[in-house]
There are 2 protein chains.
Amino acid sequence: MMDFQVSFKVNEKIYLRDPESTEIGKQIVKNAIDLIYELGFEHFTFKKLAIHISSTEATVYRYFENKHRLLLYILNWYWCYMEFLVDFKLQNITVKKDRLQIIVSLLTHGLPESTGQFDYNKKYLNHIVITESNKVYMVKEVAEINKDEVFKPYKDLCAKIASVIADYKPSYKFPRSLSSTLIETAQHQQFFKSYLPKLTDSPTGKENDFVYRFIADFLFRTLA
Amino acid sequence: MMDFQVSFKVNEKIYLRDPESTEIGKQIVKNAIDLIYELGFEHFTFKKLAIHISSTEATVYRYFENKHRLLLYILNWYWCYMEFLVDFKLQNITVKKDRLQIIVSLLTHGLPESTGQFDYNKKYLNHIVITESNKVYMVKEVAEINKDEVFKPYKDLCAKIASVIADYKPSYKFPRSLSSTLIETAQHQQFFKSYLPKLTDSPTGKENDFVYRFIADFLFRTLA
DNA sequence: TATATACAATAGTATTACTATCATAATAAA
DNA sequence: TTTATTATGATAGTAATACTATTGTATATA
């Protein structure tokens, strides 16, 4: 599909120094994605990241206040990119049902794999979104953090999908909640399918598109 | 409602020494709930808990391998209790729609407040379930941990609700996924309603039963 | 050429997440 | 009742984590 480089202006309050502005800044984010994927967020530390990129802890701390902010940066990037993809893919689609199907497909299949060796590993990024994204807002400090508007990209994505829902069925009363439920459920069912399959109806073994089918099914039943 | 003491045998692999077997063990769990509520799981430590109960870190470590296992214990207790409540409340209900409504009500309203000063603070416990429960399985070690069957109570609760769904509409293809989605969505929408209301359609201000209404609505539309 | 900036290198602190030892108090077995 | 067992408290200690601070040097900018 697209081969041009996409970049977004992420809310300045997330970082101390813009990681996009320097080579080492970009390395920090790219390698953080690789390491968080490999270790899981709990075992990921700035020390390990610094060693991984042959730099120092102090340097990483000049870009991000702590690892929570770095994860927040990564997820902001994802949310922005996902909203961009939704826009892009819906551009010429007028059939309202198709528009919703494309959204469900994007949410359940994640970002398309990229080839460039400088951009983020999309496979890892999708995995991080699935397993770690709850951890950026399910924290004691959520109200404080929210004041900096760092969840705006998530809210925007939610609002965009909600508007497509509302356009499909104007009388439906809960477009935003349904939208956030779609986003969250897409992630959770993918996780459950892989690790706790008893919590799903995913057929075992062969490759299937179970999460897409489940979500599309319940979305169109809900909006029938 | 009930005033008798409820206790469950939680999977033995979760703890090193059964906290129900001693006075200090009970204090550990009860006060852990209070402290995790107050501090959030990330800021909760065994050291702080030990000081809180005028004991020592070493004593707490004799009961639980680490704080993750203690959280797992608390959530196991919740899942067992919730399944008990579902059974109890559905006992004499034969109308299938009523059965589902009662389940949604239980999931969205949480455990009923208790009066006894020795049992767990249900308000805090509900809050922990909402904000921390993802953290017990959304970890790198999930496959390892799952081998000990410590998520069985969650799977059992999910299966029980799935069976009520299947009984309501036998032709529905995804009863388990819908069940886990109900459980997770009930928690997430409660969280969003409180902290990130833009992700919901909850009316601001006045007390309302928004989460119940949203979930009941989409459940019965899905199963229509 | 002077100046500012970014980074590496290094040091250091408080806290976290444990593990280990030992004496004593409480409890159960003989 | 004596003895053996076990639980706890008190204390110590370690490695890792999550930072903060300082300094020298290379590089880019004025």
Side-chain angles (χ1 to χ4, degrees), chain A residues 12-32 34-74 132 135-136 139-141 144-145, chain B residues 12-32 34-74 132 135-136 139-141 144-145:
Chain A
E12 292 185 6
K13 295 197 175 165
I14 295 178
Y15 50 75
L16 299 171
R17 172 173 304 166
D18 185 359
E20 280 297 304
S21 69
T22 65
E23 192 49 44
I24 202 160
K26 288 174 199 159
Q27 286 304 308
I28 286 171
V29 178
K30 179 178 165 32
N31 287 276
D34 298 348
L35 264 190
I36 293 173
Y37 170 80
E38 191 188 321
L39 304 172
F41 187 62
E42 284 74 22
H43 298 297
F44 167 80
T45 68
F46 277 6
K47 178 107 204 189
K48 288 172 185 168
L49 175 60
I51 291 169
H52 196 74
I53 59 174
S54 305
S55 180
T56 63
E57 250 184 302
T59 298
V60 181
Y61 273 106
R62 274 189 214 103
Y63 285 86
F64 294 99
E65 213 178 313
N66 52 49
K67 69 176 185 172
H68 182 271
R69 289 275 153 162
L70 175 46
L71 179 61
L72 192 55
Y73 180 91
I74 291 167
E132 320 290 7
K135 296 169 192 169
V136 301
V139 292
K140 192 73 189 175
E141 305 86 354
E144 276 294 310
I145 297 171
Chain B
E12 292 185 5
K13 295 197 173 164
I14 296 177
Y15 49 75
L16 298 171
R17 174 173 303 166
D18 185 1
E20 280 297 303
S21 69
T22 65
E23 191 50 44
I24 203 160
K26 289 174 199 158
Q27 286 304 309
I28 285 171
V29 178
K30 180 179 165 33
N31 287 275
D34 298 348
L35 263 189
I36 292 172
Y37 170 80
E38 190 188 320
L39 305 172
F41 187 62
E42 285 74 21
H43 298 297
F44 167 80
T45 69
F46 277 5
K47 178 105 204 188
K48 289 171 185 168
L49 175 59
I51 291 169
H52 196 75
I53 59 174
S54 307
S55 181
T56 62
E57 250 184 304
T59 297
V60 181
Y61 273 105
R62 276 186 209 107
Y63 285 86
F64 294 99
E65 215 177 312
N66 52 50
K67 70 176 185 172
H68 181 271
R69 289 275 153 161
L70 176 46
L71 179 60
L72 192 54
Y73 180 91
I74 291 167
E132 321 288 7
K135 296 168 192 171
V136 300
V139 291
K140 191 73 188 174
E141 306 86 356
E144 276 295 310
I145 298 171

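A/K47 comes within 4.0 angstrom of nothing in the nucleic acid, heavy atoms only.
Side-chain proximity of B/T56 to D/dT11, D/dT20, C/dC7: nearest is D/dT11. Here the side chain of A/I24 is nearest to one of C/dA8, D/dT8, C/dT19, namely C/dA8. You'll find that the side chain of B/Y61 is closest to C/dT19, out of C/dT19, D/dC19, C/dT10.
Remark: P of C/dT15 and CD of B/E57 are 13 Å apart, rounded to the nearest angstrom. Remark: P of C/dT16 and NE2 of A/H43 are 18 Å apart, rounded to the nearest angstrom. Regarding A/Q27, its CD atom lies at a distance of 16 Å from the C1' atom of C/dA6, rounded to whole Å. Taking atom CZ of residue B/R62 and atom C1' of nucleotide D/dT6, one finds them 10 Å apart after rounding to whole Å. Taking atom CD of A/E23 as the reference point, atom P of C/dT5 lies 21 Å away to the nearest angstrom. Between A/D18 atom CG and C/dA6 atom C1' the separation is 14 Å, expressed in whole Å. Summarising the geometry, the separation between CZ on B/F64 and C1' on D/dA7 is reported as 16 Å, rounded to the nearest angstrom. In this structure, A/I53 places its CD1 atom 12 Å from C1' of C/dA8, rounding to the nearest Å.
A/T45 has no side-chain polar atom (N or O) that falls below the 4.0 Å cut-off from OP1 or OP2 of D/dC19. Between C/dC7 and A/Y63, a contact under 4.0 Å exists linking OP1 or OP2 to a side-chain N or O. Contact check, A/R17 against C/dC7: a side-chain N or O comes under 4.0 Å of OP1 or OP2. Contact annotation: A/T59 side-chain N/O to C/dC7 OP1/OP2 distance is not under 4.0 Å. At C/dT16, one or more side-chain N or O atoms of B/K48 fall inside 4.0 Å of OP1 or OP2 (strictly under the cut-off).
B/L16 approaches B/F64 most closely through the heavy-atom pair CD1-C, 3.8 Å. Listed here is the closest heavy atom pair of A/A50 and A/E57: CB-N, 3.4 Å.
Contact check on B/E42 versus A/K135 returns no salt bridge, with no Lys/Arg side-chain nitrogen under 4.0 Å from an Asp/Glu carboxylate oxygen.
Without hydrogens or angle criteria, A/K47 side chain to A/T56 main chain gives no donor-acceptor distance under 3.5 Å. Using a distance-only test at 3.5 Å, with no hydrogens or angles considered, no donor-acceptor pair links the side chain of A/R69 to the main chain of A/Y63.
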